[in-house]
S.K.: 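Right, I'll just put the structure down here and ask away after.
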Amino acid sequence: MTLSNANPGKDVGLDDLETKLKLSTSKSLKNHIVRVGGVEISQNSFVIMAGPNTVESEEMIIETALSVKKSGANILRGGAFKPLTFPYRSEKYFETGLAGLKWMKAASEESGLPTVSEVTSVNNLDEVASHVDMLQIGTRNMQNFDLLQACARTEKPILLKRGFGSSLRDWLGAAEYILNEGNDQLVMCERGVVAPHTHRSTSRFLLDLQVIPAFKELSHLPIITDPSHATFWANWVEPMALASIAAGSDGLMIEVHPDPRNAAVDPLQAMSFNEFQNLVEKSISVRLALTPKG
Ligand code: PEP
Ligand code: MN
């Protein structure tokens, strides 16, 4: 992309690289590695994070951890503190908080997979940080600057999801808050943006595939995609996951549930164990097809 200072405040400009975004756009830092447990994440590797939207019980998270590990996942995901759209809780719509974090830790010990879980507020930061290997900052909190700085100061690796209405410049600005605290263990995640005219009015978000090459022209940080939250429909997760790999994504975050249609949160987007296994096999094929021969 040709950088200029023509669109100040909207596009990443030439002078941003030296001033506002000097840490997040250090392209000279070749092969920057983020370490989560024993897993190395970089622009030269490929990571798969998988698991349920919500850690619903100890049995279900252990069962899911063992299954996704067998299929090839490297990191277990699962939300315990959730940014839920509605304030009401029921037997069918819930979060599990501290108990969920403890079950996540048990699943990590059983499976050997490191874990990532969302921090929704500085109020639950200590609890999340003491139970999982990587802190997730969700789309709704991408510009919660106090939270970004507090997470960074734990020195834990961080997964920073893109705000669903945020430009690349704003997303890099949020990354800069974390890097500026001295924490360079940062992975970025594209999870879909709001777009007024899409193929379907009920499609919640549009996976922004173009942001992957645009991001990689500027930044050394690894960037992964979450097609589960972007598409909201399980059947569309695989095609968008494969397309994002072709576009240069350094990894995937995929929702997987033992009984997807009965998931406590976001039941329409979760994959079954079998669907996930198929996706991992196809992902490996796409990666191979992209590897230069010789
Ligand atoms: C999630 O990963 O569980 C989640 C809530 O994601 P997002 O912040 O992208 O909506
Ligand atoms: Mn969700």
Side-chain angles (χ1 to χ4, degrees), residues 1-36 40-47 49 134-139 141-145 148-149 151-152 157-195 205-227 229-230 240-241 243-253 287 290 292:
M1 119 177 85
T2 313
L3 297 181
S4 74
N5 295 324
N7 230 341
K10 290 191 104 181
D11 297 344
V12 177
L14 256 182
D15 56 359
D16 289 336
L17 305 186
E18 305 297 324
T19 56
K20 301 186 173 75
L21 303 175
K22 58 187 173 198
L23 301 174
S24 55
T25 61
S26 305
K27 233 354 228 187
S28 58
L29 292 176
K30 292 253 180 308
N31 199 24
H32 175 68
I33 296 174
V34 177
R35 291 187 173 80
V36 182
E40 294 193 348
I41 308 173
S42 77
Q43 290 197 356
N44 297 315
S45 62
F46 192 76
V47 67
M49 307 182 186
M134 182 181 218
L135 307 177
Q136 177 172 323
I137 297 172
T139 191
N141 270 316
M142 187 202 84
Q143 288 188 311
N144 183 340
F145 302 117
L148 300 179
Q149 289 173 321
C151 286
I158 294 174
L159 182 71
L160 179 61
K161 287 194 155 193
R162 181 182 180 189
F164 53 67
S166 297
S167 65
L168 174 55
R169 187 170 186 261
D170 287 349
W171 193 18
L172 288 166
E176 203 75 14
Y177 267 90
I178 292 166
L179 301 170
N180 193 41
E181 291 298 314
N183 186 341
D184 68 357
Q185 295 295 288
L186 178 58
V187 176
M188 308 290 272
C189 180
E190 158 61 28
R191 49 79 68 210
V193 291
V194 170
F205 303 106
L206 192 68
L207 188 67
D208 182 4
L209 294 176
Q210 287 174 176
V211 86
I212 302 166
F215 179 89
K216 286 191 147 183
E217 283 176 18
L218 296 172
S219 182
H220 57 291
L221 297 168
I223 176 172
I224 70 165
T225 41
D226 173 353
H229 281 88
M240 287 302 97
S244 75
I245 299 170
S249 179
D250 302 311
L252 298 171
M253 172 173 263
R287 290 271 301 163
L290 294 169

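Numbers here are sequence positions counted from 1. Just so we're clear, the structure is a prediction, and the values are computed from it rather than from any experiment.
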S.K.: With sequence neighbours left out, write down each residue that passes salt bridge (charged side-chain N to carboxylate O under 4.0 Å, His left out) with E217, or none if nothing qualifies.
M.R.: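 Once residues adjacent in sequence are excluded, E217 has no partner under the salt bridge (charged side-chain N to carboxylate O under 4.0 Å, His left out) criterion.
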S.K.: So which heavy atom on P222 is nearest to which on D250, and how close?
M.R.: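 Minimum heavy-atom separation between P222 and D250: CA-OD2, 3.5 Å.
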S.K.: Evaluate the side-chain contact (heavy atoms from CB on, under 4.5 Å) criterion for residues L148 and E181: first the C-alpha distance (whole Å), next the side-chain angles of each, then the deciding distance (0.1 Å), finally the verdict.
M.R.: CA-CA 9 Å; L148 300 179; E181 291 298 314; over 6 Å; no
S.K.: What distance separates I223 CD1 from S249 OG, expressed to the nearest 0.5 Å?
M.R.: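 One gets 6.5 Å once the value is rounded to the nearest 0.5 Å.
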S.K.: To the nearest 0.5 Å, what is the distance between CG (L221) and CD1 (I158)?
M.R.: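 Spacing of CG (L221) from CD1 (I158) equals 11.5 Å.
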S.K.: Considering residues at least two apart in sequence or located in another chain, which fulfil the salt bridge (charged side-chain N to carboxylate O under 4.0 Å, His left out) criterion with R35?
M.R.: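 With sequence neighbours excluded, R35 shows a salt bridge (charged side-chain N to carboxylate O under 4.0 Å, His left out) to E40, given in chain and number order.
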S.K.: Could you give me the CA-CA distance, side-chain angles and deciding distance for L168 and L218, then say whether side-chain contact (heavy atoms from CB on, under 4.5 Å) is met?
M.R.: CA-CA 10 Å; L168 174 55; L218 296 172; 4.0 Å; yes
S.K.: Please report the C-alpha distance between F205 and V194 in whole Å, then the side-chain angles of each, then the deciding distance to 0.1 Å, and finally whether the side-chain contact (heavy atoms from CB on, under 4.5 Å) criterion is met.
M.R.: CA-CA 5 Å; F205 303 106; V194 170; 3.8 Å; yes
S.K.: To the closest 0.5 Å, what do you measure between OG (S4) and CG (D11)?
M.R.: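 Here the interatomic distance stands at 7.0 Å.
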S.K.: Only one of V36, V187, V34 forms a side chain to side chain contact (heavy atoms under 4.5 Å, CB included) with L159, so which one is it?
M.R.: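 Result for side chain to side chain contact (heavy atoms under 4.5 Å, CB included) with L159: V187.
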S.K.: Under the side-chain hydrogen bond (donor to acceptor under 3.5 Å, both in side chains) rule, collect the residues that match up with T25, sequence neighbours excluded.
M.R.: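 By the side-chain hydrogen bond (donor to acceptor under 3.5 Å, both in side chains) rule, T25 matches no residue at all.
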S.K.: Just to verify, what does N44 make a side chain to side chain contact (heavy atoms under 4.5 Å, CB included) with, not counting sequence neighbours?
M.R.: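 By the side chain to side chain contact (heavy atoms under 4.5 Å, CB included) rule, N44 matches N31, S42.
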S.K.: Determine whether S244 and L252 make a side-chain contact, defined as any pair of heavy atoms from C-beta on separated by less than 4.5 Å.
M.R.: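 SC-SC contact between S244 and L252 confirmed.
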S.K.: Is it the case that more than 12 heavy atoms not belonging to K20 sit under 6.0 Å from its NZ atom?
M.R.: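 Atom NZ in K20 is not crowded, with 12 or fewer foreign heavy atoms closer than 6.0 Å.
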S.K.: What's the spacing between D184 CG and I33 CD1 if we round to 0.5 Å?
M.R.: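 Separation between the atoms: 11.0 Å.
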S.K.: Closest heavy-atom contact between K216 and G248?
M.R.: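 Minimum heavy-atom contact is NZ-O, 2.6 Å.
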S.K.: Can a donor-acceptor pair be found, under 3.5 Å and without considering hydrogens, that links the side chain of E190 to the backbone of G192?
M.R.: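 Confirmed, E190 side chain pairs with G192 backbone.
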S.K.: Starting at SG of C151, measure out to CD1 of I137 and round the result to the nearest 0.5 Å.
M.R.: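 Result: 4.0 Å between the selected atoms.
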S.K.: Taking all atoms of both residues into account, what is the closest heavy-atom pair of S166 and M142, and its distance?
M.R.: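 Answer, listing the atom of S166 first, then M142: OG-CE, 3.2 Å.
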S.K.: Would you mind reporting whether L3 and D16 have side-chain heavy atoms less than 4.5 Å apart?
M.R.: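 No, their side chains stay 4.5 Å or more apart.
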S.K.: Of all residues at least two apart in sequence or in a different chain, which pass the side-chain hydrogen bond (donor to acceptor under 3.5 Å, both in side chains) check with N144?
M.R.: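 side-chain hydrogen bond (donor to acceptor under 3.5 Å, both in side chains) check on N144 returns N141.
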S.K.: What heavy-atom pair brings L29 and H220 nearest, and what distance separates the two atoms?
M.R.: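 For L29 and H220, the tightest heavy-atom pair comes out as O-CB, 3.3 Å.
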S.K.: Checking K22 now: which residues fulfil side chain to side chain contact (heavy atoms under 4.5 Å, CB included) with it, not counting sequence neighbours?
M.R.: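 K22 satisfies side chain to side chain contact (heavy atoms under 4.5 Å, CB included) with E176 once adjacent residues are dropped.
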S.K.: Check whether any side-chain heavy atom of D226 lies under 4.5 Å from a side-chain heavy atom of I224, and answer yes or no.
M.R.: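 No, every pair of side-chain atoms sits at 4.5 Å or beyond.
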S.K.: In Å, rounded to the nearest 0.5 Å, how long is the span from NE2 of H32 to CD1 of I41?
M.R.: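 Between H32 NE2 and I41 CD1, I get 10.0 Å after rounding to 0.5 Å.
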S.K.: Filter on ring pair (Phe, Tyr, Trp, His ring centres under 6.0 Å), then keep only pairs touching residues 171-194, sequence neighbours left out; what's left?
M.R.: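 Qualifying pairs: F145-Y177, W171-F215.
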S.K.: State which residues pass ring-ring contact (aromatic ring centres under 6.0 Å, His included) with F46; sequence neighbours excluded, sorted by chain then number.
M.R.: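 Counting only residues at least two positions away or on another chain, F46 forms no ring-ring contact (aromatic ring centres under 6.0 Å, His included).
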S.K.: For a quick test of reading the model, state the closest non-hydrogen atom pair linking L21 to R169 and the distance between them.
M.R.: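 So the minimum-distance heavy-atom pair works out to CD2-O, 4.2 Å.
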S.K.: What do the steps show when you test K161 against Q136 for side-chain contact (heavy atoms from CB on, under 4.5 Å), and what is the final call?
M.R.: CA-CA 8 Å; K161 287 194 155 193; Q136 177 172 323; 3.6 Å; yes
S.K.: Kindly give the heavy-atom pair with the smallest separation between A247 and L209, and that separation in Å.
M.R.: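 Closest approach of A247 to L209: CB-O, 4.2 Å.
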S.K.: What residues, two or more places apart in sequence or in another chain, satisfy side chain to side chain contact (heavy atoms under 4.5 Å, CB included) together with T139?
M.R.: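 T139 satisfies side chain to side chain contact (heavy atoms under 4.5 Å, CB included) with F164, R191 once adjacent residues are dropped.
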S.K.: Got a sec, which residues hit side-chain hydrogen bond (donor to acceptor under 3.5 Å, both in side chains) with Q185, two or more places apart in sequence or on another chain?
M.R.: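 Partners of Q185 under the side-chain hydrogen bond (donor to acceptor under 3.5 Å, both in side chains) test: none.
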S.K.: Can you name the salt bridge (charged side-chain N to carboxylate O under 4.0 Å, His left out) partners of D208, sequence neighbours left out?
M.R.: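 R162.
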